Amino acid sequence: MQLNGTPPEMEQVKTLALTNYGHFTSMRVEDGHVRGLSHHMQRLLRDSRQLFDVELDVERVRHFVRLALEDAPALTTARVTIYDPALDLGSIGQDAEPHVLVTTREASPGIASPLRLRAISYVRDDPPVKHIGLYAALRRRRIAQRDGFDDVLFLNPNGTISEIATSNIGFVRDGQIIWPKAEYLSGVTMTLLQQELDESVMVEPVTLADLDEMDAVFATNAATGLRAVSAIEGNEWPREHPVLDELRGLYADIPGERV
């Protein structure tokens with residue numbers, strides 16, 4: 001763990017627990033390269049404008065990430081959290097000076113196991129922002145896991161599907177990729193796949209009643225890439241599907257950008 005390139009003091013990180021105001025991005029680093037690195041940096045730049053009204057120096061951020069990776073494994077998940085240790089509950093409106101916290105953990109080399117999802121009605125605060133206020137999402141993930149599922153699928157008040165707690169969701173119908181038409185956090189992996197697909201991608205409202213029409217379902221996340229969804233409530237799908245294999249191949253062929 002490094003804050004602005006050096007090990008932090010307790011006083012500098014306790015704000016994350018006590019105030020919990022900031023944003024982040026997580027990326028899979030393979031031998032110093034990241035697929036979609038520029039998208040991750042643009043996300044940090046955009047969210048810093050939104051949350052702190054400042055222009056983030058993304059080259060400075062990349063420098064801090066490189067420092068944190070010096071002793072990390074070749075395959076690493078790096079999280080960059082942007083927050084201001086000086087802000088507290090009473091002074092949240094003052095001018096901000098965001099700091100850069102980089103944490104790393106060893107990443108799994110294999111394909112993640114398929115997900116079984118429980119659907120719960122919930123809309124995240126500021127869905128387009130990858131903010132650190134994860135209580136409500138994790139609370140619903142805990143409910144799903146306590147009920148025997150792997151994760152939670154969010155439903156809008158009108159019953160349409162939006163996203164998984166920390167992943168995007170996609171569907172396959174008659175060989176066609178479908179993204180849900182809803183407000184959600186558009187992930188980097190989802191964005192990269194959409195750029196690589198030759199055929200058009202459909203965007204339409206999807207409800208639980210539409211799941212019988214789907215041939216396969218998948219989740220996308222920067223840490224795990226593409227992951228099959230084997231079940232949503234009572235609907236089930238095969239763990240493998242030719243379109244999922246194609247998407248994995250497209251994603252694997254995307255060259256990484258050097259940090």
Side-chain angles (χ1 to χ4, degrees), residues 25-31 33-43 75-78 107-119 127-128 130 149-154 160-208 210-233 235-257:
T25 195
S26 294
M27 62 192 83
R28 184 181 176 93
V29 186
E30 301 178 17
D31 294 320
H33 292 74
V34 175
R35 291 184 185 87
L37 177 65
S38 57
H39 291 288
H40 286 286
M41 294 300 109
Q42 284 301 310
R43 166 187 281 164
L75 191 58
T76 297
T77 298
S108 173
I111 296 175
S113 59
L115 288 168
R116 298 177 64 256
L117 304 177
R118 178 183 171 184
K130 196 172 179 70
F149 296 86
D150 300 307
D151 210 337
V152 61
L153 177 68
F154 295 150
T160 56
I161 290 169
S162 60
E163 58 188 326
I164 305 172
T166 53
S167 301
N168 290 117
I169 189 167
F171 305 90
V172 180
R173 185 181 61 203
D174 298 328
Q176 177 76 58
I177 307 298
I178 300 170
W179 302 118
K181 185 176 183 181
E183 192 174 28
Y184 51 73
L185 175 63
S186 183
V188 171
T189 303
M190 176 187 189
T191 300
L192 292 175
L193 284 174
Q194 186 151 327
Q195 291 174 349
E196 292 297 310
L197 289 168
D198 294 329
E199 68 274 17
S200 61
V201 176
M202 298 289 293
V203 178
E204 62 182 58
V206 179
T207 68
L208 296 181
D210 299 319
L211 296 180
D212 286 340
E213 305 173 2
M214 305 304 173
D215 303 313
V217 183
F218 60 94
T220 60
N221 178 282
T224 57
L226 186 139
R227 188 174 185 178
V229 172
S230 60
I232 299 175
E233 299 286 339
N235 296 87
E236 296 187 358
W237 297 273
R239 291 168 172 255
E240 298 295 336
H241 188 278
V243 174
L244 302 190
D245 292 337
E246 177 188 354
L247 291 174
R248 287 193 184 99
L250 286 173
Y251 185 67
D253 289 339
I254 296 173
E257 302 172 56

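All values reported here derive from a predicted model rather than from experimental measurement. Starting from 1, each residue takes its place in the sequence as its number.
With sequence neighbours excluded, the residues that form a salt bridge (charged side-chain N to carboxylate O under 4.0 Å, His left out) with Glu204 are Arg173. With sequence neighbours left out, Asp150 forms a salt bridge (charged side-chain N to carboxylate O under 4.0 Å, His left out) with no residue at all. Scanning for side chain to side chain contact (heavy atoms under 4.5 Å, CB included) contacts around Ser113 gives Arg227, with sequence neighbours left out. Residues meeting the side-chain hydrogen bond (donor to acceptor under 3.5 Å, both in side chains) test with Thr166, sequence neighbours left out: Arg141. Residues passing the salt bridge (charged side-chain N to carboxylate O under 4.0 Å, His left out) test with Arg118 are Asp147, sequence neighbours excluded. With sequence neighbours left out, the side-chain hydrogen bond (donor to acceptor under 3.5 Å, both in side chains) criterion links Thr220 to no other residue. Residues passing the side-chain hydrogen bond (donor to acceptor under 3.5 Å, both in side chains) test with Asp31: none are found, sequence neighbours excluded. Applying the side chain to side chain contact (heavy atoms under 4.5 Å, CB included) test to Glu257 and every residue at least two apart in sequence or in another chain returns Leu37, Ser38. Under the rule for a side chain to side chain contact (heavy atoms under 4.5 Å, CB included), the partners of Glu240 that lie at least two apart in sequence or sit in another chain are Asp245, Arg248.
Put simply, CZ on Arg116 and CD on Glu233 are 9.5 Å apart, with the number rounded to the nearest 0.5 Å. Here the CD1 atom belonging to Ile169 is positioned 10.0 Å from the CG atom belonging to Asp151, to the nearest 0.5 angstrom. We find the CG-CD1 distance between Leu211 and Ile232 to be 5.0 Å, quoted to the nearest 0.5 Å. Once rounded to the nearest 0.5 Å, the distance linking CE of Met27 with CZ of Arg43 reads 9.0 Å. Rounding to the nearest 0.5 angstrom, the gap separating the CG atom in Leu247 from the CD atom in Glu196 is 11.0 Å. Annotation: the span from Leu117 atom CG to Ile164 atom CD1 amounts to 5.0 Å, rounded to 0.5 Å.
Contact annotation: the side chain of Met214 approaches that of Val206 to within less than 4.5 Å [non-hydrogen atoms, C-beta and beyond]. Side chains of Asn235 and Val217 form no contact here, defined as non-hydrogen atoms less than 4.5 Å apart. A heavy-atom distance below 4.5 Å is found between the side chains of Leu197 and Leu250. In this structure the side chain of Leu208 reaches within 4.5 angstrom of the side chain of Ile161, judged on heavy atoms. Contact annotation: the side chain of Leu226 never approaches that of Tyr251 to less than 4.5 Å [non-hydrogen atoms, C-beta and beyond].
For Ala219 against Leu115, the heavy-atom pair with the smallest separation is CB-CD1, 4.0 Å. Smallest separation of non-hydrogen atoms from Ala107 and Arg28: CB-NH1, 3.9 Å. Contact record, Leu75 with Glu30: CD1-CG, 3.3 Å, taken as the closest heavy-atom pair.
Applying the salt bridge (charged side-chain N to carboxylate O under 4.0 Å, His left out) definition to pairs two or more places apart or across chains, none involves residues 215-224.
More than 12 heavy atoms of other shown residues, nucleotides or ligands fall within 6.0 angstrom of atom CD1 in Ile254.
Between the side chains of Thr25 and His40, at least one donor N or O sits under 3.5 Å from an acceptor N or O.
Of the possible donor and acceptor atoms, one in the side chain of Asn168 sits under 3.5 Å from a partner among the backbone N and O of Gly187.
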Could you tabulate the donor-acceptor pairs under 3.5 Å formed by side-chain atoms of residues 174-186, not counting sequence neighbours?
unit_1	atom_1	unit_2	atom_2	d
Gln176	NE2	Ser200	O	2.5
Trp179	NE1	Gln194	OE1	2.7

